[in-house]
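Only heavy atoms go into these numbers, but all of them, side chains included; no hydrogens, no water, no symmetry mates.
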Amino acid sequence: MSSTLFRTKKVEQSILDTEEPEHALKKSLSALDLTVFGVGVIIGTGIFVLTGTVAKNNAGPAVALAFVAAGVACALAALCYAEFASTLPVAGSAYTFSYASLGELPAWIIGWDLVLEFALGTAVVAVGWSGYIQSLMDNAGWEMPVALGSREGADGFGFDILAAALVLVLTVVLVIGMKLSARITSVVVAIKVAVVLTVIIAGAFFIEGKNYDPFIPKAQTVDAGDSLQAPLIQLMFGWAPSNFGVMGIFTAASVVFFAFIGFDVVATAAEETRNPQRDMPRGILGSLIICTTLYVLVSIVVTGMQNYSRLSVDAPLADAFKETGHPWFAGFISFGAAVGLTTVCMILLLGQTRVFFAMSRDGLLPRFFSHVHPRFKTPHRPTILLGVIIAILAGFTPLTELAALVNIGTLFAFVVVAIGVIILRRTRPDLHRSFRTPWVPVIPILSVCASLWLMINLPAETWLRFAVWMVAGFVVYFLYGRSHSRLSRHEETPSGDVAPPPGRGA
């Protein structure tokens, strides 16, 4: 039993599978495309909302240091992702990496986790986009019917048609092709970054030095609520988490980390990259560096424009400009947020379909979904299926409480990838690695510790829901995936190698 549950898929076999005509994705992306994808998915509402929340509640003006700390934690994971993506340029990201290093069951677990993470992430972002669009429409004097603009319409019935429509339109774009997706993303990201840079440059003229005093407010011990953080920290170190002070910066880092979620999605496009060995590390690390720099600059500007204790929680950047007598920027920032969320939604949907496609190609999900479109060379079947399901979720389901599952899913993937780097270095030292994570095993171990630290800050309810989803995944795997896997016994040759697909030579 254990030998089948932890059987690994050889790196060579994974790469060979990508050459099957019916299951081969078109290679069209460059390092610039990947970097744009990364920036497009990372910069979302986080930069427009979280800055005010953590400055007011956790770190004061030192929120800039919290962004740096969160960026370092992400960089540790990014280094591990970069090695895997350049060594194993196959769709599926953490799922594929786990299959080559940890085995089939761990790969299934992380794949199942990513399907949930990207699905909920796409739906939540689509709902946020709908809210911004409705706000802009209200400002222009256009009012959406209540039943079509909210889940709580007349007589208790409502359907967020804007959120659902966005998902369906992006589904069509992804089916047509990756290059079209990259071009649209490039235009939208250019607009989004221009808005962020405008905020930074314009806001710099309204900075008052007194707002930075004190830069690190005096520490205050707080109640961590229902998170797992307080009891674990008190047990291990004997002190309680605090707001403000030095420890408040680390508490804030666990919150603003969620503004970085998305760079790992870049790895899902490895199979569609023209030169993945060179371009994947550049795309992953480049997008993370750009976004961290922008986050730090925005946080410095907004806390300099307005005292941290008076910052708005819902729209800190827009309200800070209102306080300085420039309300025009509020609408401008809302426009930038709405435009930016379009790419976030599309790239999360892209990531999910590629993971689903990779799992289907391995037989863990029905192979029906692993066939690519004869003209566009995209995984059209899972893209259409998942697009419709997520559109329904975005239209009907209240997702606020489930959004935290996106965060725990991402951190769990970070842990698995970091461990996988260490294992594959030991089991396959002969593999050619175009990019090598430095200081192994130190960097992967630090990545695991940083991710676990952020995970224990999440509410206990999130852990419970995550456990329920994982249990459902185990049921699906043992009822279907294990027996249909291409690595199952009836598809293996006597030598233990995977038999070639029908119609191909050995």
Exercise for review: Could I get the full list of side-chain hydrogen bond (donor to acceptor under 3.5 Å, both in side chains) partners for D264, not counting sequence neighbours?
Suggested key: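 Checked D264 against side-chain hydrogen bond (donor to acceptor under 3.5 Å, both in side chains); zero matches.
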**Study point:** Which residues share a side-chain hydrogen bond (donor to acceptor under 3.5 Å, both in side chains) with Y95, sequence neighbours left out
**Key:**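 Here the qualifying residues are D362.
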Spatial distance of atom [atom1] ([X]) from atom [atom2] ([Y]) [nearest 0.5 Å]:
X	Y	atom1	atom2	answer
F37	L32	CZ	CG	10.5 Å
R278	S86	CZ	OG	12.5 Å
I300	Y295	CD1	OH	15.0 Å
I389	I384	CD1	CD1	12.0 Å
L386	R381	CG	CZ	14.0 Å

**Study point:** Option among V416, V355, V115, V415 that satisfies the side chain to side chain contact (heavy atoms under 4.5 Å, CB included) test with I110
**Key:**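 Checked V416, V355, V115, V415 against I110; only one passes side chain to side chain contact (heavy atoms under 4.5 Å, CB included): V416.
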Practice item. Please lay out, stage by stage, how R282 and L34 fare under the test side-chain contact (heavy atoms from CB on, under 4.5 Å). Key: CA-CA 8 Å; R282 293 181 180 182; L34 296 173; over 6 Å; no
Side-chain contact, heavy-atom cut-off 4.5 Å: [X] with [Y]?
X	Y	result
L114	Q352	no
F84	S101	yes
P61	N211	no
I207	Y212	yes
C80	F414	no
V421	F97	no
I109	F412	yes
T303	L311	yes

Check: [X] side chain, [Y] main-chain N or O, donor-acceptor pair, under 3.5 Å:
X	Y	value
K27	E271	yes
H380	H373	yes
S360	F356	no
W108	M359	no
T292	L288	yes
W469	W112	yes
T96	A91	yes

Tell me the closest heavy-atom pair linking [X] and [Y], and the distance in Å.
X	Y	value
L88	S14	CD1-CB, 3.8 Å
C345	T122	SG-CG2, 3.5 Å
V11	A100	CG2-CB, 4.1 Å
A59	V63	CB-N, 3.8 Å
P444	P441	CD-O, 3.3 Å
R433	L424	NH2-O, 3.1 Å

Review point. Tell me, which pairs form a side-chain hydrogen bond (donor to acceptor under 3.5 Å, both in side chains) where one or both residues lie in residues 28-41, sequence neighbours left out?
Key: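 Qualifying pairs: S30-D33, D33-K179.
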Check your understanding: Which pairs with one or both residues in residues 59-74 pass side-chain hydrogen bond (donor to acceptor under 3.5 Å, both in side chains), sequence neighbours excluded?
Key ->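 Matches after skipping sequence neighbours: none remain.
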Practice item. Go through V372 and L25 one step at a time and tell me if the side-chain contact (heavy atoms from CB on, under 4.5 Å) criterion holds. Key: CA-CA 7 Å; V372 298; L25 300 173; 3.7 Å; yes
**Study point:** Ion pair R425/E83, N-O distance below 4.0 Å
**Key:**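 Answer for the salt bridge query: yes.
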Exercise for review: Please test D160 against S130 for side-chain hydrogen bond (donor to acceptor under 3.5 Å, both in side chains), starting from the C-alpha separation and ending with a verdict.
Suggested key: CA-CA 8 Å; D160 194 334; S130 173; 2.7 Å; yes
For residues 166-176, which side-chain N or O atoms pair as donor and acceptor with protein atoms under 3.5 Å away, sequence neighbours left out?
{"residue": "T171", "atom": "OG1", "partner": "V167", "partner atom": "O", "Å": "2.8"}

**Study point:** Atom CZ of F335 with >12 non-hydrogen neighbours under 6.0 angstrom
**Key:**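 For F335, atom CZ is not crowded (no more than 12 foreign heavy atoms under 6.0 Å).
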Review point. Would you say K26 has more than 12 foreign heavy atoms packed within less than 6.0 Å of its NZ?
Key: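 No, NZ of K26 has 12 or fewer neighbouring heavy atoms, counting only those of other groups under 6.0 Å.
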Side-chain donor-acceptor distances from residues 187-206 under 3.5 Å, at least two apart:
{"residue": "K192", "atom": "NZ", "partner": "G40", "partner atom": "O", "Å": "2.7"}
{"residue": "K192", "atom": "NZ", "partner": "I43", "partner atom": "O", "Å": "2.6"}
{"residue": "K192", "atom": "NZ", "partner": "G340", "partner atom": "O", "Å": "3.1"}
{"residue": "K192", "atom": "NZ", "partner": "T343", "partner atom": "OG1", "Å": "3.1"}
{"residue": "T198", "atom": "OG1", "partner": "A194", "partner atom": "O", "Å": "2.7"}

